[in-house]
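Notes for the one structure printed next.
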Amino acid sequence: METSIQPLREALRNAQRVVVLTGAGVSAESGIPTFRGAEGLWKTYQAKDLATPEAFVRDPELVWEFYNWRRALIGQKTCNPAHTALAQLENIISEFTLITQNVDGLHLLAGSRRVLELHGNIWRVRCTRCGRETMDRSPDMGKRPTCTVCGGLLRPGVVWFGESLDPHILHQAVEAARSCQIMLVVGTSSVVQPAASLAFTAKSGGAMLAEINLEQTPNSDLMDRVLLGKAGEILPRLVEGLP
Ligand code: BV8
Ligand code: ZN
């Protein structure tokens, strides 16, 4: 397993089709808590009580309290050098796709254009009665926000555990993974499906895989290169000097 940055930079220099798959670690240096790990959200809160459709049916006010808290937090944060480096990388690769599990919208804020938000976006809300979706950046949506069209209860526009991903977005992600030459897997614990299996899709399509993370993950063995460290330090160094 190769651990130096230079061979990966050289490979990127010669690549036409690159996919980057990101997770919460990319936003950690912006001050947004990750989900797993010592200080992860799921250490303090139970995913099944807050991020499942059953939880929302049982106690929508509790679920909204959790999302309002995260909205207020994320609303005060901005992109970090990892997001910026990925936006720069897109400018020098002819076919570039950024697949993110993050719901914070920071890749778009940093200027990334082709972004597939696999798990939705925390600023999106959807009516549980008429299905209407809107963007709403209020930090506090209240305890029981309702649809302005039909009065139905609104829910966060994110994908919860046990829910299917948007098939159109997932299809694009799978196609990009299948046909890429290089996949960078950055700041994800690689345990949530189907996102984690996109690395297998890329590998079986012949791509070179590289992981950037503070630590090894269940997918590390699949990688051609593993760069251990902070995304906000490694990615700017990687992109520096390209093309
Ligand atoms: C689905 C909501 C079909 C949004 C989230 C058994 C086998 C296979 C699958 C399953 C299974 N049991 C259950 C499932 C399905 C389940 C799943 O995968 N569960 C796992 C946990 C076992 N998946 C689903 O339910 C998905 N849907 O499969 O549909 C279906 C339909 C019906 C019934 C069954 C199946 C839907 C998944 C969506 C879940 N939504 N959250 C929100 O409010 O945010 S998940 C949550 O985890 C977040 O969305 C997040 O995006 C996602 C992934 O987490 P990561 O981003 O990887 O973050 P994590 O904290 O884990 O890791 C951070 C990493 O960063 C660490 O590795 C750390 O070392 C690193 N790091 C930290 N700092 C830095 C860093 N790296 C670099 N630099 C740093 N500075
Ligand atoms: Zn409605």
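Note that ligands are numbered from 1 as they come in the structure, with each ligand's atoms numbered from 1 the same way. What you see is a predicted model; the values in this text were computed from it and never measured.
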task = Give a yes or no answer on whether the side chain of N213 reaches the backbone of T188 with a donor-acceptor pair at less than 3.5 Å.
result = yes
key: Heavy-atom donor-acceptor pair, S197 side chain to P194 backbone, under 3.5 Å   = yes
So do [Y] and [X] actually touch side chain to side chain, heavy atoms under 4.5 Å?
X	Y	result
V226	L228	yes
L89	L184	yes
W123	V103	no

note = What lies under 2.8 Å from the Zn ion (ligand 2), restricted to protein N/O/S atoms, is C127 SG, C130 SG, C147 SG, C150 SG
key: Residue portion contacting ligand 1 (non-hydrogen atoms closer than 4.0 Å) for A231   = both
task = Mind checking whether V103 contacts ligand 1 via backbone (N, CA, C, O), side chain (CB onward), both or neither, at a 4.0 Å heavy-atom cut-off?
result = side chain
request  = Go through E39 and T34 one step at a time and tell me if the side chain to side chain donor-acceptor pair (under 3.5 Å) criterion holds.
outcome  = CA-CA 7 Å; E39 288 168 30; T34 61; over 6 Å; no
Just which atoms of ligand 1 are under 4.0 Å from any heavy atom in [X]?
X	value
W160	36 (C)
K230	78 (N)
G23	56 (O)
A28	73 (N)
L165	27 (N), 36 (C)
E215	69 (O)
G229	77 (C), 78 (N)
A24	55 (P), 56 (O), 58 (O)

ask   = Is a side-chain donor-acceptor pair under 3.5 Å present for S138 with D136?
value = yes
message = Can you confirm whether E65 is buried at CD, in the sense that more than 12 heavy atoms of other residues, nucleotides or ligands lie under 6.0 Å from that atom?
response = no
ask   = Around K203, counting heavy atoms of other residues, nucleotides and ligands shown, do more than 12 lie under 6.0 Å from its NZ?
value = yes
I need the nearest protein heavy-atom contact for [atom]: residue, atom name and distance, please.
atom	result
atom 50 (C) of ligand 1	F35 CE1, 3.6 Å
atom 30 (C) of ligand 1	G162 O, 4.4 Å
atom 22 (C) of ligand 1	V191 O, 4.0 Å
atom 68 (C) of ligand 1	N213 OD1, 3.4 Å
atom 27 (N) of ligand 1	E163 O, 2.7 Å
atom 44 (O) of ligand 1	R70 NH2, 2.8 Å
atom 45 (S) of ligand 1	F161 CZ, 3.3 Å
atom 51 (O) of ligand 1	Q101 O, 2.9 Å

inquiry  = Just to check, does S164 reach to within less than 4.0 Å of ligand 1 when the distance is taken from its heavy atoms?
reply    = yes
Where [X] and [Y] come nearest, the two heavy atoms and their spacing:
X	Y	value
S189	T217	O-CB, 3.8 Å
Q181	Q16	OE1-N, 2.7 Å
L118	A173	CD2-CB, 4.0 Å

query = Once the angle between the rings of H107 and H83 is folded into 0 to 90°, is it parallel (under 30°), tilted (30 to 60°) or perpendicular (over 60°)?
reply = perpendicular
Using a distance threshold of 4.0 Å (strictly less than), state whether [atom] has a protein heavy-atom neighbour.
atom	value
atom 53 (C) of ligand 1	yes
atom 7 (C) of ligand 1	no
atom 24 (C) of ligand 1	yes
atom 13 (C) of ligand 1	no

Quick test of your reading of the structure: of [options], whose heavy atom lies closest to [atom]?
atom	options	answer
atom 41 (N) of ligand 1	V159, T188, L21	V159
atom 73 (N) of ligand 1	L214, I122, T22	L214
atom 9 (C) of ligand 1	R36, Q193, E211	Q193

query = Under the salt bridge (Lys or Arg N to Asp or Glu O under 4.0 Å) test, which residues partner R178, sequence neighbours left out?
reply = E175
Verdict with reasoning, R70 to D104, per salt bridge (Lys or Arg N to Asp or Glu O under 4.0 Å) = CA-CA 9 Å; R70 286 176 60 202; D104 55 34; over 6 Å; no
query = Between R225 and E211, is a salt bridge (Lys or Arg N to Asp or Glu O under 4.0 Å) present by the stated rule, with each step listed?
reply = CA-CA 6 Å; R225 315 209 180 282; E211 181 172 62; over 6 Å; no
Any N/O of [X] closer than 3.5 Å to an N/O of ligand 1?
X	answer
T217	no
E29	yes
G187	yes
I212	no

query = Quick one: is the NZ or CZ of R155 closer than 6.0 Å to the six-membered ring centre of W160, and within 45° of its axis?
reply = yes
task = Could you tell me which residues satisfy ring pair (Phe, Tyr, Trp, His ring centres under 6.0 Å) with F161, sequence neighbours excluded, listed by chain and number?
result = none
inquiry  = Would you say W42 ends up clustered with I74 if hydrophobic residues are merged whenever their side chains have heavy atoms under 4.5 Å apart, either directly or through other cluster members?
reply    = yes
ask   = Which pairs count as side-chain hydrogen bond (donor to acceptor under 3.5 Å, both in side chains) when at least one residue sits in residues 91-100, sequence neighbours excluded?
value = T22-T100, N91-R113, T97-R114
query = Once you round to the nearest 0.5 Å, how far does CG of L235 lie from CD of E240?
reply = 12.0 Å
